[in-house]
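Okay, structure first, notes after.
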Amino acid sequence: MINNYSVEFKHASLIYDLYYDKTNTLKEYMVNLVHRRKYVDVGKDKLYALKDINLKINHGERLGIIGLNGSGKSTMLKLIAGLLKPSQGDLEVAGNVQPLIEIGAGFNLEFSGRENIYLNGAMLGFNKKQIKEKEKEIIEFTELEKFIDVPVKYYSSGMSLRLAFTIATIIRPEILVMDEMLSAGDLEFMQKAKERMDQILTTAKILIIVSHDMGLIRSLARRVIVLQKGEILFDGDTEDAIEFYSNMVSDKIEKKEELKKQEEQKELEQQKALTKGGESKRQEELHRQEELSRRIVVKKVWIKNSNKDIEVIMPEDALIFNVEFETNIDFAQFYINLVITDKTGVMVAHFRNDYSEIELKDFKKDSYSIKIHVLSVPFKSSKYKYYFRLVGIKDNEEIISDTKPIEFNILGNKKQHILIKHEWEIVKNNKDTVISK
């Protein structure tokens, strides 16, 4: 019996061969050889799905794996689960592995639900007697009693996921490997599935989870690695890893935005060259949008603190978000939005006048100054952006004016959003000694 469960990669790589030469027959190959004809310069190349991975996951650890699509996250799980073998190097796994990845991939659509219980159970390593003992429990948990002898091809996606999830979680593994979370049907079943997952998590000696949901990673993982193009870029504390990943995503977004601006500018110049003799529909639409934008004109956007413009922001500072604008027509209804995003563009806060029960009806043309007082900024130390969206309703038409996103930086080393003020008191009861407060 194993007492010290672990997973260890030793210079492990997984390599795929990419074939570019599409020659399909021997005859075609010989003709090309005689005529010294080739369709591509390189006939074959190698793709590293994982490259020279050195990683040890110890007994008791909860490891999260994050990264952009195609970074090798799911490939790493498949190696641990034994679905793939390393092309180079070694992988040592001490303990029974239960992979919750590609749920339901082994279903035979022509078989009934009951038959698939036995098929999938056998794939998980159970014998017929063991599956028979679990059959009733599985059917009751899925609530598919009426449909259990119906071919799976007639199941809805939710019914299939219910059955697959329940079969996959009938054992209690030492090493649990999860790829994303399940959306297995309605809310009632989701609650049951969550409770079942909680039970499995408490018994697993090692948890390895891949997810794009940073909230889930925070709640389950104590250590996180960041993958990119098959290599480990970061390995460490959960919050530090998420911050590293956010910076990586932010840099990628900024590069994409810069490239998009360059392409738009190039397209605009080409459009001008093509329409010297007359205006295109695109230009007419641009003129229309310009005309609409003149109806709401933003003059100034800035942040203040205690009536002073500021550049340095500390956690829990009081801030005043300001916008000055003028309207050149009357509006039946008006909405003022303040949107704050993190550096990757994910919204972290949204303020709107009607959310605070402030209705702006019969909004007359005039010049306006708006101040939104945030009494205590609840965000962790990082970079953020904010912008205002002004929306006027005129004759059932929305006229929208967005300000450009403005970056601001909260300094310090605050690790979490929303700091709840609290104290700890740890006492040795037998000595009535305060260890920490």
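Annotation: side chain to side chain donor-acceptor pair (under 3.5 Å) contacts of Arg114 (sequence neighbours excluded): Glu135, Asp149. Residues that satisfy the salt bridge (charged side-chain N to carboxylate O under 4.0 Å, His left out) test with Glu231, not counting sequence neighbours, are absent from this structure. Taking Phe141 as the reference, Phe189 meet the ring pair (Phe, Tyr, Trp, His ring centres under 6.0 Å) condition, with sequence neighbours excluded. By the side chain to side chain donor-acceptor pair (under 3.5 Å) test, Glu357 pairs with no residue at all, sequence neighbours left out. Every residue meeting the side-chain contact (heavy atoms from CB on, under 4.5 Å) condition with Ala349, not counting sequence neighbours, appears here in chain and number order: Ile340, Phe351, Phe379. Listed by chain and residue number, nothing satisfies the salt bridge (charged side-chain N to carboxylate O under 4.0 Å, His left out) test with Lys252 (two or more places apart in sequence, or in another chain). Not counting sequence neighbours, the partners of Ser74 by the side-chain contact (heavy atoms from CB on, under 4.5 Å) test are Asp179. The salt bridge (charged side-chain N to carboxylate O under 4.0 Å, His left out) test applied to Arg222 returns no partner, not counting sequence neighbours. Every residue two or more places apart in sequence or in another chain was checked for a salt bridge (charged side-chain N to carboxylate O under 4.0 Å, His left out) with Lys205, and none qualifies.
The heavy-atom pair separating Ala221 from Thr238 by the smallest distance is O-OG1, 2.9 Å. Nearest heavy-atom pair across Ala318 and Leu375 is CB-O, 3.4 Å. Summarising the geometry of Leu144 relative to Met159, their closest heavy-atom pair is CD1-O, 3.7 Å, with the distance given to 0.1 Å. Smallest separation of non-hydrogen atoms from Ala204 and Leu176: CB-CB, 4.0 Å. Annotation for Ile131 and Tyr118: closest pair CD1-O, 3.5 Å, computed over non-hydrogen atoms. For the residue pair Ile208 and Val7, the shortest heavy atom distance occurs at CD1-CG2, 4.3 Å.
The closest side-chain heavy-atom distance from Glu115 to Asn108 is not below 4.5 Å. Side-chain contact between Ile65 and Leu77: present, with at least one pair of heavy atoms (C-beta onward) separated by less than 4.5 Å. Contact check for Glu243 versus Ser382: side-chain heavy atoms found under the 4.5 Å cut-off. Residues Val391 and Asn337 have side chains in contact (heavy-atom distance under 4.5 Å, counting atoms from C-beta outward). Inter-residue side-chain proximity for Ile209 and Ile217 is flagged as met; some heavy-atom pair is nearer than 4.5 Å. Counting only heavy atoms from C-beta outward, the side chains of His11 and Asn54 approach each other to under 4.5 Å. In this structure, the side chains of Leu55 and Met76 come closer than 4.5 Å at one or more pairs of heavy atoms. Taking 4.5 Å as the limit, some side-chain heavy atom of Ile148 sits within range of a side-chain heavy atom of Ile117.
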Next item on the list: Show the numbers, then the answer: is there a side-chain contact (heavy atoms from CB on, under 4.5 Å) between Val377 and Ile410?
Entry: CA-CA 9 Å; Val377 177; Ile410 298 179; 3.6 Å; yes
Notebook entry, point to check: Could you walk me through whether Tyr155 and Leu163 pass the side-chain contact (heavy atoms from CB on, under 4.5 Å) check?
Noted result: CA-CA 10 Å; Tyr155 282 16; Leu163 184 61; 4.1 Å; yes
Next item on the list: Check the pair Val224, Tyr245 against side-chain contact (heavy atoms from CB on, under 4.5 Å), reporting the backbone distance first and the verdict last.
Entry: CA-CA 10 Å; Val224 174; Tyr245 178 63; over 6 Å; no
Checklist line | Arg196/Thr169 under side chain to side chain donor-acceptor pair (under 3.5 Å): CA gap, chis, key distance, verdict | finding: CA-CA 8 Å; Arg196 194 179 184 99; Thr169 55; 2.6 Å; yes
Check: Going through the checks in order, is the side-chain contact (heavy atoms from CB on, under 4.5 Å) test met by His212 and Ile66?
Finding: CA-CA 7 Å; His212 291 287; Ile66 59 178; over 6 Å; no
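In this structure, OG in Ser71 is found 7.5 Å from CG in Asn69, a value given to the nearest 0.5 Å. Atom CD of Glu174 sits about 9.0 Å away from atom OG1 of Thr203, to the nearest 0.5 Å. Here the CG-OH distance, from Leu338 to Tyr386, works out to 8.5 Å after rounding to the nearest 0.5 Å. For the atom pair CG (Leu390) and CZ (Phe331), the distance works out to 9.5 Å, reported to the nearest 0.5 Å. Atom-to-atom distance recorded for Ser6:OG and Ile57:CD1 is 9.0 Å, nearest 0.5 angstrom. Note that the CZ atom of Arg162 and the CD1 atom of Ile138 stand 15.0 Å from one another [nearest 0.5 Å].
Applying the salt bridge (charged side-chain N to carboxylate O under 4.0 Å, His left out) test to pairs two or more places apart or on separate chains, those with a residue in residues 56-67 are Glu61-Arg223. Residue pairs that meet the ring pair (Phe, Tyr, Trp, His ring centres under 6.0 Å) test with at least one member in residues 213-244, sequence neighbours left out, are Phe234-Phe244.
Side-chain atoms of Ser356 do not come within 3.5 Å of backbone N or O of Ile358 as any donor-acceptor pair. Looking at Asp354, its side chain never comes within 3.5 Å of a backbone N or O of Glu359 through a donor-acceptor pair. At least one donor-acceptor pair under 3.5 Å links the side chain of Asp213 to the backbone N or O of Gly215. Side-chain atoms of Thr341 never come within 3.5 Å of backbone atoms of Met347 as a donor-acceptor pair (strictly under, hydrogens ignored). Formation of a donor-acceptor pair under 3.5 Å by the Asn116 side chain with backbone atoms of Ser112 is found in this model.
Other residues, nucleotides and ligands contribute over 12 non-hydrogen atoms within 6.0 Å of the CG atom of Asn127. More than 12 heavy-atom neighbours from other residues, nucleotides or ligands sit within 6.0 angstrom of NZ on Lys394.
Between Lys134 and Glu137 there is a salt bridge, since at least one side-chain N of the basic residue sits less than 4.0 Å from a carboxylate O of the acidic one. Arg218 and Glu239 are joined by a salt bridge, as a carboxylate oxygen and a charged side-chain nitrogen come within less than 4.0 angstrom of each other.
The aromatic rings of Tyr368 and Phe363 lie parallel to each other, with less than 30° between the two planes, well short of the 60° mark. The aromatic rings of His350 and Tyr355 sit perpendicular to each other, their planes meeting at more than 60°, with 30° as the lower class boundary.
At least one test fails for Arg389 against the ring of Tyr335: distance under 6.0 Å to the centre or angle within 45° of the axis.
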Distance-only donor-acceptor pairs under 3.5 Å for side chains of residues 86-95, two or more places apart:
from, atom 1, to, atom 2, distance (Å)
Ser87, OG, Ile15, N, 2.9
Glu92, OE2, Lys10, NZ, 3.1

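With hydrogens and angles left out, the side-chain atoms of Lys304 and Asn322 include no donor and acceptor closer than 3.5 Å. A donor and an acceptor atom, one from each side chain of Asp342 and Thr344, are located under 3.5 Å apart.
If you look at Tyr154 and Phe147, their ring centroids are not closer than 6.0 Å.
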